[in-house]
Amino acid sequence: MTEIPDKIEHFIGGRLVPSVSGGTFDVADPVSNRVYARAAAGDADDVGKAVEAAAAASDGPWPGLAARARARILNRIADGIEARGERIAAVETFDTGLPITQAKGQAARAAENFRYFADVIVAQHEEAFSQPGQLGYVLRRPAGVAGLITPWNTPFMLESWKLAPALASGCTIVLKPAEWTPLSASLLPEIMTEAGVPDGVFNIVHGIGEQAGAALVAHPRVPRISFTGETATGQVIMRSAADNLKGLSMELGGKSPCVIFADADLDAAVDSALFGVMSLNGERCTAGSRILAERSVYDALVTRLAERADRVRVGDPSDPSTEIGALVHTEHYDRVMSYVRLGAREGARLVAGGRRPSGLPAGNYLAATVFADVTPSMRIFQEEIFGPVVCVTPFDSEEEAVRLANATRYGLAAYLWTSSLNRAHRVAAQVESGMTWVNSHNVRDLRTPFGGVKSSGLGREGGQHSIDFYTESRIVHIALGETHVPRFGVS
Ligand code: NAD
């Protein structure tokens with residue numbers, strides 16, 4: 001039985017502390033929807049203290065440590081995560097409703113993020129530029145205090161995806177976890193301390209986005225904000241960050257197409273399309289939530305998707321046989337259900353799910369849901385639902401497939417299924433998405449740029465892109481001989 005705390009505190013300057021105001025907010029689990037803990041509700045005062053601690057640590061030895069020394073600490077963090085893998089997964093499953101087998105995968109990936117950026121930082125080298133008479137070389141410096149604001153879906157893994165490169169770069173950190181899922185982040189202080197992260201380098205302020213998050217974004221001593229969350233929140237953050245001209249990384253929403261041509265391996269395409277949208281409860285930014293299918297195979301695909309969706313096992317997230325668990329929060333569950341009702345009202349054909357599964361009278365459960373005959377004018381085609389709901393739309397030509405793929409404001413991911421090499425390259429070049437996979441679902445190479453175009457984001461994370469974000473590059477120009485200087489004021 002996983003031990004669950006009933007109190008969650010901030011972590012500031014190496015100590016667990018309550019809010020300055022003494023304020024708390026309630027945290028519930030998505031299976032019983034009962035409040036299991038009260039978490040410290042941070043505001044500008046708590047953020048001020050955390051930034052003060054992080055800024056002081058930024059003036060200390062941390063930013064100047066040899067890359068190898070920082071890498072050792074990152075590897076020890078990874079060790080700490082791996083040693084607690086079962087516990088992290090159990091806690092994440094309890095708090096988010098993610099199926100336990102998938103939560104275990106996310107915990108393993110979190111450790112891998114730290115190991116990966118430990119390797120990146122020791123291999124880091126800088127550019128030099130040589131031309132007759134002049135040599136230029138780059139000095140790279142940590143940006144200072146990084147504000148990390150994270151969402152409730154796969155929270156531990158997404159936190160690690162920002163923490164690892166920020167620490168590797170020599171930044172100090174204030175993390176603001178999502179208020180619906182603060183539990184797994186509360187394991188980080190022990191892991192960081194045990195790994196040797198100096199006090200003040202890593203801080204957490206819990207709280208409501210509009211209070212704790214907004215205060216972090218507005219703080220003048222935080223030059224970088226890495227945000228993952230909804231597009232609308234990202235827009236609010238950009239406005240606020242403008243006052244201090246902060247560097248922003250924005251990983252936002254998606255409504256990604258999965259385009260299946262008739263010449264594809266249809267068995268593999270069905271497997272991948274279902275997994276791509278139903279895994280992680282469909283609460284996945286890169287979910288292929290719009291399946292576009294070529295007309296000649298459309299009816300057969302809809303039938304197969306519906307049959308398979310009907311057999312997806314929805315249930316207790318802690319049961320290893322569960323494929324879809326409980327949606328994160330009653331508010332989110334109501335929102336997803338409202339889209340299910342909207343789809344029916346808009347005239348889409350419900351071919352699977354759309355209801356609470358039988359035998360699960362309580363908890364935020366929804367059967368895997370498939371809507372067919374969805375048209376681009378429908379809101380369920382355009383808007384991010386962020387649950388186990390997929391829309392299927394037919395197309396008649398490659399041109400129409402591209403047009404439909406690009407017919408939303410989002411552009412995070414795209415999945416293409418075809419056996420034609422020429423078509424794969426042609427379509428990949430035309431689809432407006434930050435990341436495209438051909439004949440595959442979302443398999444990541446951590447070196448590659450991660451991020452979206454259009455309303456799905458700004459900037460890229462992953463590999464060198466993350467290091468560039470958390471550091472400043474400065475150029476030094478050295479004259480190698482005499483420099484010709486036009487002489488002013490001599491005539
Ligand atoms: P959200 O925008 O509601 O919240 C994200 C975080 O921002 C939370 O910590 C929240 O407290 C904070 N926040 C809210 N208002 C704020 C404000 N005014 N100032 C500062 N911080 C504020 O998002 P969510 O509902 O937690 O997450 C789901 C969304 O995240 C989906 O849209 C999903 O697509 C997106 N997402 C994107 C990626 C990606 O990499 N592109 C990855 C995961 C999730």
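When reading the values below, keep in mind they use all heavy atoms of this one structure, side chains included, and skip hydrogens, waters and symmetry mates. In this text the structure is predicted, and so the values were computed from the model without any measurement. Whatever order the structure lists ligands and atoms in, that order sets their numbers, starting from 1. Residue numbers count from 1 along this sequence.
Contact annotation: for Thr154 versus ligand 1, there are no heavy atoms closer than 4.0 Å. When heavy-atom distances to ligand 1 are checked against a 4.0 Å cut-off, Glu384 comes that close only through its side chain, counted from C-beta outward.
Of the candidates Thr150, Thr228, Asn113, Lys162 forms a side chain to side chain donor-acceptor pair (under 3.5 Å) with just one, namely Thr228. Of the listed residues (Thr330, Asp29, Asn281, Asn33), just one forms a side chain to side chain donor-acceptor pair (under 3.5 Å) with Asn364, and that residue is Asn33.
Compare Phe227, Phe386, Trp152 by their heavy atoms: the one nearest to atom 33 (C) of ligand 1 is in Phe386. Comparing Pro151, Gly229, Pro182 by heavy-atom distance to atom 29 (C) of ligand 1, the nearest is Gly229. For the residues Thr233, Ile149, Leu412, Leu252, the heavy atom positioned nearest atom 3 (O) of ligand 1 is part of Thr233.
Under the 4.0 angstrom criterion, atom 36 (N) of ligand 1 counts as having a protein heavy-atom contact.
Using modelled atom types and a 3.5 Å distance limit, the side chains of Glu383 and Tyr339 yield a donor-acceptor pair.
In terms of polar-atom proximity, Leu158 is not counted as a contact of ligand 1, lacking any N or O under 3.5 Å from an N or O of the ligand. On a distance-only criterion, Thr231 and ligand 1 share no N/O pair closer than 3.5 Å. For ligand 1, one of its N or O atoms has an N or O atom of Gly209 under 3.5 Å away. Looking at Asn153 next to ligand 1, no N or O pair under 3.5 Å apart turns up. Taking distance alone, with nitrogen or oxygen atoms compared against 3.5 Å, Thr228 stays at or beyond that limit from ligand 1. In terms of polar-atom proximity, Ser456 is not counted as a contact of ligand 1, lacking any N or O under 3.5 Å from an N or O of the ligand.
Sparse packing is recorded around CZ of Arg447, with 12 or fewer heavy atoms of other residues, nucleotides or ligands lying under 6.0 Å away. Around the CZ atom of Arg15, the shell of radius 6.0 Å holds no more than 12 heavy atoms that belong to other residues, nucleotides or ligands. Within 6.0 Å of the NZ atom in Lys246, the count of heavy atoms belonging to other residues, nucleotides or ligands exceeds 12.
For atom 42 (C) of ligand 1, the nearest protein heavy atom (residue, atom name, distance) is Cys285 SG, 2.9 Å. Here the protein heavy atom with the shortest distance to atom 9 (O) of ligand 1 is Thr150 O, 2.7 Å. When only non-hydrogen protein atoms are considered, atom 11 (O) of ligand 1 lies nearest to Glu179 OE1, 2.5 Å. Closest protein heavy atom to atom 23 (O) of ligand 1: Glu230 N, 3.4 Å.
Heavy-atom contacts of Val236 reach the following atoms of ligand 1: 18 (N) (cutoff under 4.0 Å). With ligand atoms numbered from 1 in the order given, ligand 1 contributes 40 (O) to contacts under 4.0 Å with heavy atoms of Phe450. Less than 4.0 angstrom separates some heavy atom of Ile237 from each of these atoms of ligand 1: 19 (N), 20 (C), 21 (N). Each of the following atoms of ligand 1 lies closer than 4.0 Å to a heavy atom of Gly213: 19 (N), 20 (C), 21 (N).
Both the sub-6.0 Å distance and the 45° axial angle are satisfied by Arg290 relative to the ring of Phe381.
Taking the charged nitrogens against the carboxylate oxygens, Glu472 and Arg224 do have a contact shorter than 4.0 Å, which makes a salt bridge. Salt bridge annotation for Asp271-Arg308: present, with a cationic side-chain nitrogen under 4.0 angstrom from a carboxylate oxygen. Taking a cutoff of 4.0 Å between a charged side-chain nitrogen and a carboxylate oxygen, Lys255 and Glu384 do not qualify as a salt bridge.
Ring-centre distance between Trp152 and Phe386: below the 6.0 Å cut-off. For Phe94 and Tyr36, the distance between ring centers is under 6.0 angstrom.
Residue contacts with ligand 1 do not include Trp180, since none of its heavy atoms lies under 4.0 Å from the ligand.
Side-chain atoms of Asp95 never come within 3.5 Å of backbone atoms of Glu92 as a donor-acceptor pair (strictly under, hydrogens ignored).
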